[in-house]
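Below: the structure, in C-alpha cells.
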Amino acid sequence: MGETVYIDSKGADGAVGFIFEGEPCQVVWTGAEAQVERRDKNTAPLLDGLARLAGVEMLEEAVLLPFYAVPILRVFARDGRGGWFASTEEYERDSPVCHLAPDLSPRVVAPSFTAFLLRALTDPAWRSDLLPGGPWSSLPEDPAGRAEIIAALKLELEETKVLPPPPRVFPSRRDAEAVFPIRDMWELVPAARFKIRKMSPAHQDGKGYVHYQSWQETYRGLMDDRILDSLSLDRCRELAKRYPESTLVALDQANGDKVVGFACYAKEAREFITLPGASELCALYVLKEYQGYGLGERLLDECLFLLPHPQVGLLVLEGNRQAIGFYEHMGFRLTGRRRTDQLYGAEITELEMVLDRDRASRN
C-alpha cells in the first residue's frame, strides 16, 4: 500500500470510490459527525430505556461536536457525564465503538455496535469496568426491562473480534492538520466542490440572493425592466421561505457552503401545466459565475429523481434561448403552448416544455 490520503468527511458523498479505484493508496476519512435518532411513539420507549438501563443517551437532535478525529468518529450517544459514544467506521452495527471522555481521550470499548449494546444491557456495572472517570454508579437491574429492549432491537451474540486501536482525537481540524495532511474532496476532484442538498433555514437568504441575482443576470433585455426593477433582494429573500421541503440548493464547499444555485419542484404540477397527471420543475437557477460546472444538470437530475410521475412539465421565458437549449439537451421538448401573464405591471410570456421519461426510455 502506497500513499495514505486523509480526506475531510464533509460533502464527500462517496465520490472517493472512483477517484482511487486501482490506485496504490489508502483513503482515510476524518472528522466527526452526529448520528441522530428520531423520537416517535415507537422509538421513545427504546430511547428512554437505553438511557435509564444502559447509561447510553442517544442523540435526538443535531449537535456541533467540539472535536475532530482521525479516522472519522460518528457520534451516536452521550454518557451523561460529558463524554460521547461513537462508531469508528462507516457502518454502525458492524463498527467498533469508541468512548470519548470529556478530556477527548478515546477508548475503544466494543468490537461492534451490537456487542456494545448487549454489554450495556446485560451488565448494570459495565461502565465501571470499561469507562474512565469513575466511580460510575451501577444502573438499575430490571431484568425484564433489559430483556424487552434486547428483543426489540433484535440483538444477538456475535463472534469475538479483536479491538482496533483508538482514533486520534483533536480539539479542531486545524490541530489535526498539524499531524495529518488532511485534504478536502474538491482538491482531488473539482466537481466534488459542490453538493446538492434539501434547503434548510440556513440556506434561505442565500437562495433569495441567487433568485435576485440570477434574474438580473439572465433576464435583463429579455423582459420588461419594470419587472426586474420591482423585484428587490428583500422580496426574493421573503419568497425563499416558501416550500423548503420541495427546494434543492447547490452549495459551494470551498466558500463556506455558499448557495450558488437552486431548483424548486412540485410532485403534482400546477394547473397551468397542460399535461395531465404530470409533475413540475418550477424553477432552476445557477449564478452566472458558477455556470459551466454542471450544476444545472445535477440540480435537474436530483429533482427528476424525487418526482413521482414519468411526465414533467415546466415554463421557460420566451426568448431565453440558452435555457430552452439546456432543457432540450436534457430531454424536454416545446409543446407549442404559451402562457401570458401580468407581473409587476408588465406582460410576461412563457413557453411550455415537457419531458416524457417513459418515451425517452423506449427510445
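What you see is a predicted model; the values in this text were computed from it and never measured.
Atom-to-atom distance recorded for Leu287:CG and Phe262:CZ is 9.5 Å, nearest 0.5 angstrom. Distance CG/Leu47 to CD1/Ile149: 9.5 Å, rounded to 0.5 Å. One finds the CG atom of Asp301 at 11.0 Å from the CG atom of Leu306 (value rounded to the nearest 0.5 Å). A distance of 4.5 Å separates CD of Gln311 from CG of Asp356, quoted to the nearest 0.5 Å. A distance of 10.0 Å separates SG of Cys264 from CD of Glu280, quoted to the nearest 0.5 Å. Summarising the geometry, atom CZ belonging to Arg235 is positioned 14.5 Å from atom CZ belonging to Arg237; distances are rounded to the nearest 0.5 Å.
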task = Carefully, step by step, assess Arg220 and Asp225 under the rule side-chain contact (heavy atoms from CB on, under 4.5 Å).
result = CA-CA 7 Å; Arg220 189 68 71 177; Asp225 283 347; 3.2 Å; yes
query = Would Phe332 and Ile324 satisfy side-chain contact (heavy atoms from CB on, under 4.5 Å), going step by step from the backbone distance to the final call?
reply = CA-CA 9 Å; Phe332 287 79; Ile324 293 170; over 6 Å; no
request  = Could you give me the CA-CA distance, side-chain angles and deciding distance for Ile150 and Thr122, then say whether side-chain contact (heavy atoms from CB on, under 4.5 Å) is met?
outcome  = CA-CA 9 Å; Ile150 290 172; Thr122 54; 3.9 Å; yes
inquiry  = With salt bridge (charged side-chain N to carboxylate O under 4.0 Å, His left out) as the criterion, how do Arg81 and Asp79 come out once you've worked through the C-alpha distance, each side chain's angles and the decisive distance to 0.1 Å?
reply    = CA-CA 6 Å; Arg81 292 176 57 175; Asp79 67 8; over 6 Å; no
request  = Could you check Leu121 against Leu50 for side-chain contact (heavy atoms from CB on, under 4.5 Å), going step by step and ending with a plain yes or no?
outcome  = CA-CA 8 Å; Leu121 287 166; Leu50 285 171; 4.2 Å; yes
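The cluster map of Ile, Leu, Val, Met, Phe, Trp and Tyr, joined by side-chain heavy atoms under 4.5 Å apart, puts Ile196 and Val249 in the same cluster. Clustering ILVMFWY residues whenever any of their side-chain heavy atoms sit less than 4.5 angstrom apart, transitively, puts Leu73 in a cluster other than the one holding Val108. Taken together through direct or relayed side-chain contacts under 4.5 Å among Ile, Leu, Val, Met, Phe, Trp and Tyr, Met185 and Val28 form parts of separate hydrophobic clusters. Under a hydrophobic clustering in which Ile, Leu, Val, Met, Phe, Trp and Tyr are joined whenever their side-chain heavy atoms come within less than 4.5 Å, directly or via other members, Leu299 and Tyr243 fall into different clusters. The same ILVMFWY cluster, assembled from side-chain heavy atoms under 4.5 Å apart, contains both Leu222 and Leu334.
Put simply, the side chain of Thr88 gets close to the backbone of Pro96: a donor and an acceptor are under 3.5 Å apart. Using modelled atom types, no side-chain atom of Arg168 and backbone atom of Val70 make a donor-acceptor pair closer than 3.5 Å. Not a single donor-acceptor pair under 3.5 Å links the side chain of Trp136 to the backbone N or O of Asp129. Distance alone, capped at 3.5 Å, is enough to place a donor-acceptor pair between the Arg146 side chain and the Pro140 backbone. Side-chain atoms of Glu141 do not come within 3.5 Å of backbone N or O of Pro124 as any donor-acceptor pair. A side-chain donor-acceptor contact under 3.5 Å links Asp142 to the backbone of Gly145. Listed for the Gln253 side chain is no donor-acceptor partner under 3.5 Å among the backbone atoms of Trp186. Side chain of Glu187 to main chain of Asp184: a donor-acceptor pair is present (N/O by atom type, distance under 3.5 Å, no hydrogens or angles). Between the Arg226 side chain and the Gly345 main chain, a donor and an acceptor come within less than 3.5 Å of each other. Gln216 places a side-chain N or O within 3.5 Å of a backbone atom of Leu228 that can act as its donor or acceptor partner.
Judged by distance alone, the side chains of Ser105 and Asp103 do bring a donor and an acceptor atom under 3.5 Å apart. Between the side chains of Thr340 and Thr349, a donor-acceptor pair is found at a separation under 3.5 Å. Between the side chains of Asp8 and Tyr68, at least one donor N or O lies within less than 3.5 Å of an accepting N or O. Side-chain atoms of Glu37 and Thr43 form no donor-acceptor pair, as typed in the model, at a separation below 3.5 Å.
Between Lys198 and Leu248, some side-chain heavy-atom pair lies under the 4.5 Å cut-off. In this structure, the side chains of Ser279 and Tyr265 stay at 4.5 Å or more apart for every pair of heavy atoms. Taking 4.5 Å as the limit, some side-chain heavy atom of Leu233 sits within range of a side-chain heavy atom of Tyr209. Taking the side chain as every heavy atom from C-beta outward, Thr247 and His203 never approach each other to under 4.5 Å. Proximity of Trp84 to Pro66: side-chain heavy atoms (C-beta onward) are separated by under 4.5 Å at one or more points. For the pair Glu328/Met353, a side-chain contact is recorded, criterion being any heavy-atom separation below 4.5 Å from C-beta on. Taking the side chain as every heavy atom from C-beta outward, Leu104 and Phe170 never approach each other to under 4.5 Å. Residues His309 and Glu268 are in side-chain contact: their nearest non-hydrogen atoms beyond the backbone lie under 4.5 Å apart.
When all heavy atoms of Leu139 and Leu53 are compared, the closest pair comes out as CD1-O, 3.2 Å. Residues Gly83 and His99 share a closest heavy-atom pair of CA-NE2, 4.3 Å. Annotation for Ala176 and Ile182: closest pair CB-CD1, 3.7 Å, computed over non-hydrogen atoms. Counting all heavy atoms, side chain and backbone alike, Ala323 lies closest to Val316 at CB-CG2, 3.7 Å. Of all heavy-atom pairs between Ser137 and Arg127, the closest is O-NH2, 2.9 Å. A pairwise comparison of heavy atoms in Ala34 and Val63 identifies CB-CG2, 3.9 Å as the closest pair.
With respect to Arg298 and Glu302, no salt bridge is recorded, no charged nitrogen being found less than 4.0 Å from a carboxylate O. Using a 4.0 Å cut-off between charged nitrogen and carboxylate oxygen, Arg197 and Asp257 do not count as a salt-bridge pair.
Residue Arg38 qualifies as open at atom CZ: its count of foreign heavy atoms under 6.0 Å is 12 or below. Residue Gln342 qualifies as enclosed at atom CD: its count of foreign heavy atoms under 6.0 Å is above 12. Around the CD atom of Glu148, the shell of radius 6.0 Å holds no more than 12 heavy atoms that belong to other residues, nucleotides or ligands. More than 12 heavy atoms of other residues, nucleotides or ligands shown are found within 6.0 angstrom of OH on Tyr344.
Relative ring orientation between Tyr290 and Tyr293 is described as tilted, the plane-to-plane angle lying within the 30° to 60° band. A perpendicular orientation is assigned to the rings of Tyr219 and Tyr285, their planes being inclined by more than 60° (bins at 30° and 60°). Aromatic ring pairs are classed by plane angle as parallel below 30°, tilted from 30° to 60° and perpendicular above 60°; the pair Phe180 and Tyr6 is tilted.
Listed by chain and residue number, Arg39 satisfy the side chain to side chain donor-acceptor pair (under 3.5 Å) test with Asp48 (two or more places apart in sequence, or in another chain).
In the hydrophobic clustering, Leu315 connects to Phe272, Ile273, Leu275, Val354, either directly or through intervening members, whenever side-chain heavy atoms lie under 4.5 Å apart.
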